[in-house]
Amino acid sequence: MNQIELTLPDSSVRSVASGTTGLEIAKSIAEGLARRALAVKLNDKILDLNRPLEESGTFTIITPSNDPDALFVLRHSCAHVLAEAVCELFPGTKLAYGPPIEKGFYYDLMTPTPLVLDDLAKIEKRMKEIIKEDRPFTRLDFNEKEGLERVQDDKYKSDNAKRALMREDSTGILSFYVTGEQNENWEDLCAGPHIPSTGKIKAFKLLSLAGAYWHGDQASDQLTRIYGTCFADKEGLEAHLKFIEEAEKRDHRKIGKELELYHIEDHSPGMVFWHPKGTIMVNALKQYIREKINRLGYDEVITPEIVDKSLWVKSGHADKYNENMFKTMASDREMAVKPMNCPCHIEIFNQGLKSWRDLPLRMAEFGKCHRYEPAGTMHGLMRVRGFVQDDGHIFCTEEQIASEVSDFCQLVKEIYAEFGFNQILVKFSTRPEKRVGSDDLWDKAEHALEEATKLAKLEYELNPGEGAFYGPKLEFVLKDSLGRDWQCGTIQVDFNMPQRLGAEYVGKDNQKHIPVMLHRAAVGSIERFLGILIEEFMGDFPLWMSPVQARLLPISEKFADYAKEIQDLLIQTGIRAEIDDSNEKLGYKIRQCELQKVPFLLVVGEKEVTEGKVSVRQRKEGDKGTMTVAEFIEMTAEARKIIR
RNA sequence: GCCAAAGUAGCUCAGCUGGUAGAGCAGCUGAUUUGUAAUCAGCUGGUCGUAGGUUCGAUUCCUAUCUUUGGCUCCA
């Protein structure tokens, strides 16, 4: 019999007969280890404990822990237990797909009657019984024919089986897992791996119900998705639940209300009413971006928000983006509210004759766009129907694409880093099904963008079919407090729209040429980016964007006049200062400031009036002592600068 | 748009199986003149998302509709 060599985590090498199981090896190391073991990992592949090992490589025995590998197996098995419980409680249930995910697992299934939230408790109860019964996960292997027969009456499972067989690494074997004894207990088509027995599941919780489409296809069956999570121990589960609780405290919708930044109401779903304090933040962020890009040779423009249909027909929006546009009539003229700024920017480009010497021409606009997003997709500031993009379009030659893209990536990195985001997910989205332009142009555009990423030394993950209708794009993704992805920055290479809208420049050869257009936004939408920032900072914004930078707290009404004097002084200096002259005690006023997350509190009473000073209390830092107003202004000068 | 849930005072929420609504905070008034996270007292405030229906009677039950939440799909 062949020998295989297994390299253990301590670098020792074991030579065992091919076909030895992970369990046997665990036993040979220690009985206790064998008892605790959940699965093994051989060369990045996780296997059941009792699968025969047939190749040499690095080898780890996976024991209960809250490490990814252990959680992967536990959650996968937990999803099985969930499925079994649902099948029992709701006979006639069809199972579709139940994978482990980053923070737990889910199972998509079709029940004969709709599940409601209250059912989760029932399901959990049955799951606990199954876990208590501690039934072994038993793997059954069948050849293609037998396997397919086993699932032939099940639409989803036979589909899964066929796709499993089509996979590159398919061995032609279809595996099933029984929780218990074959023909006696419940079984499910599954590639595995699983834990040895249900009893190994120590901590799980079902979290929510959701709808999901089979294969994510809207036209396909509507399934019910049950989300749950599972950890190696109660502590891990509780820590996770605690994390969710903490994340909810950071929710920008909650903080946005508490800090009176904005509201959204029924009259205009998905559109933001920015309150005075929120408006300060919007303007601060705009000014920050404005100063950044002014230095990079952008020219700011302002274009109409309502534009005649004919332009949208020419640009392709009327065809490819129609259902996302708000339409409006002006007398008998059909107009649309702009969903993007690009056509308007081309109209500006088209005024006057452009020379190759004008390129690259960088045009920027804080353009307010409206998109009719489907009901049910809106989410606070993150996903809205009306938003301001920090938009920009770079008209350039093909040769200039790479350096322009690279420069832009640099800008994005710089901006994100200044807000504390250092690890940014970048996605490269290629041609979608619904698009304009020839495949040749798309080849060219995708190739150019790829070259540019090389120049920018950018790592990305591929996002096939998700590009804009006019060109491929890079997406810069940030996460909210719950770890959900939001696309913020983007840059898109467009060979189509300039041509469609007749953009031209005169080249060195005295001939007319069509420029390439790069659509780009560094933060994406001001709304979304602020939403991310609110959650990131939990309301404790950098001083320069804080709605209120300082609040004056007179100890009693007697010192209100002095406080007013100081406030005037601060406002003259450009510091956003409020005064709390309410008839309350200092402790109460301070509490209000803490809840409102005011960065600096300036306490004034008898002592301060006499000395002509203020007592400064900085949020999170505490008492900074007394100082003159000039000293306070000096102390905060650097942090108040929008650009450093 | 789809699945599930929710909508009660400015905010956060209570209101069991139908008998026209309560609390805390906020607000207002008064007392207090206050020193680093809540001073006390009194008062105001709701056609219970909207429109229908069942009923002697609906915040409560039914239907429709709008909005919101968690996901799916889609997207900045």
Side-chain angles (χ1 to χ4, degrees), chain A residues 106 108 110-111 114-120 207-227 248 251 253-254 257-258 260 263-270 321 323-324 339-340 367 369 371-385 387-391 429 432 434 466 468 473 475-478 482 484-490 492 519 521-529 531-532 553-560 582-595 601 603-608 615-617 619 622-623:
Chain A
Y106 66 80
D108 284 348
M110 173 84 94
T111 49
L115 286 181
V116 295
L117 225 42
D118 289 343
D119 293 328
L120 293 187
L207 297 172
S208 61
L209 276 179
Y213 299 106
W214 177 231
H215 292 325
D217 179 2
Q218 205 168 344
S220 191
D221 297 1
Q222 171 80 46
L223 305 167
T224 302
R225 174 172 297 181
I226 301 175
Y227 277 96
E248 281 164 1
D251 192 317
R253 292 165 302 186
K254 183 170 142 60
K257 192 180 279 178
E258 286 166 356
E260 299 173 75
H263 86 272
I264 294 174
E265 63 178 47
D266 294 4
H267 291 110
S268 45
Y321 211 73
E323 64 273 25
N324 280 302
M340 300 182 192
C369 294
R371 297 180 185 175
Y372 185 80
E373 301 293 346
T377 61
M378 263 88 74
H379 181 88
L381 294 175
M382 304 294 199
R383 183 81 186 273
V384 289
R385 284 181 176 159
F387 57 101
V388 176
Q389 288 182 313
D390 67 319
D391 206 2
S429 296
K434 209 170 175 181
E466 298 294 327
K473 62 180 181 179
E475 300 172 22
F476 299 89
V477 175
L478 293 174
L482 278 168
R484 289 174 291 209
D485 284 353
W486 297 101
Q487 182 195 314
C488 292
T490 180
Q492 309 163 358
H519 307 240
V523 304
S525 100
I526 299 287
E527 283 76 4
R528 178 175 290 178
F529 197 70
I532 298 272
L553 309 182
I555 297 284
S556 82
E557 282 169 10
K558 284 187 284 188
F559 313 106
S582 65
N583 183 8
E584 294 287 351
K585 289 187 173 179
L586 183 60
Y588 181 88
K589 294 183 182 183
I590 288 174
R591 183 179 154 77
Q592 297 308 312
C593 292
E594 291 293 335
L595 296 175
L601 318 190
V603 178
V604 293
E606 188 70 50
K607 195 177 95 189
E608 288 76 13
S615 284
V616 179
R617 176 182 160 126
R619 182 169 160 74
D623 202 340

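Heavy-atom basis, side chains included; hydrogens, waters and symmetry copies ignored. In what follows, chains carry the letters A, B, and so on, assigned in the order in which the sequence lines appear, proteins first and then strands, with residues in each chain numbered from 1.
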B:A76 base stacked by A:F387 (centroids within less than 5.5 Å, tilt under 30°) = yes
Using a cut-off of 4.0 Å on non-hydrogen atoms, how would the nucleic acid contact of A:V523 be classed: base, sugar-phosphate, or nothing?
-> nothing
Pairing nucleotide - B:G24, Watson-Crick or G-U, each distance under 3.5 Å | B:C11
May I ask you to verify if any side-chain N or O of A:Q487 is less than 4.0 angstrom from the OP1 or OP2 atom of B:A76?
-> yes
Check: protein-nucleotides 5-12 of chain B nitrogen or oxygen pairs below 3.5 Å:
unit_1: B:U12; atom_1: OP1; unit_2: A:K257; atom_2: NZ; d: 3.1

Measure from the side-chain heavy atoms of A:P114 and tell me the nearest of B:U36, B:C75, B:A4.
-> B:A4
B:G35 phosphate, OP1 or OP2, under 4.0 Å from A:R617 side-chain N/O | no
Take A:E608 and A:S615, measure what side-chain hydrogen bond (donor to acceptor under 3.5 Å, both in side chains) needs, and give me the verdict at the end.
-> CA-CA 7 Å; A:E608 288 76 13; A:S615 284; 2.5 Å; yes
Side-chain donor/acceptor of A:Y213 to base of B:G71, under 3.5 Å | no
Considering every strand shown, what is the Watson-Crick or G-U wobble mate of B:A4 when both distances are under 3.5 Å?
-> B:U69
Report yes if a donor N or O on one partner sits less than 3.5 Å from an acceptor N or O on the other, where the partners are the side chain of A:E373 and the base of B:G1; otherwise report no.
-> no
Does any nucleotide pair with B:U63 by Watson-Crick or G-U wobble geometry, both distances under 3.5 Å, and what is it?
-> B:A51
Provide, to the nearest angstrom, the distance between the CZ atom belonging to A:R484 and the C1' atom belonging to B:U69.
-> 10 Å
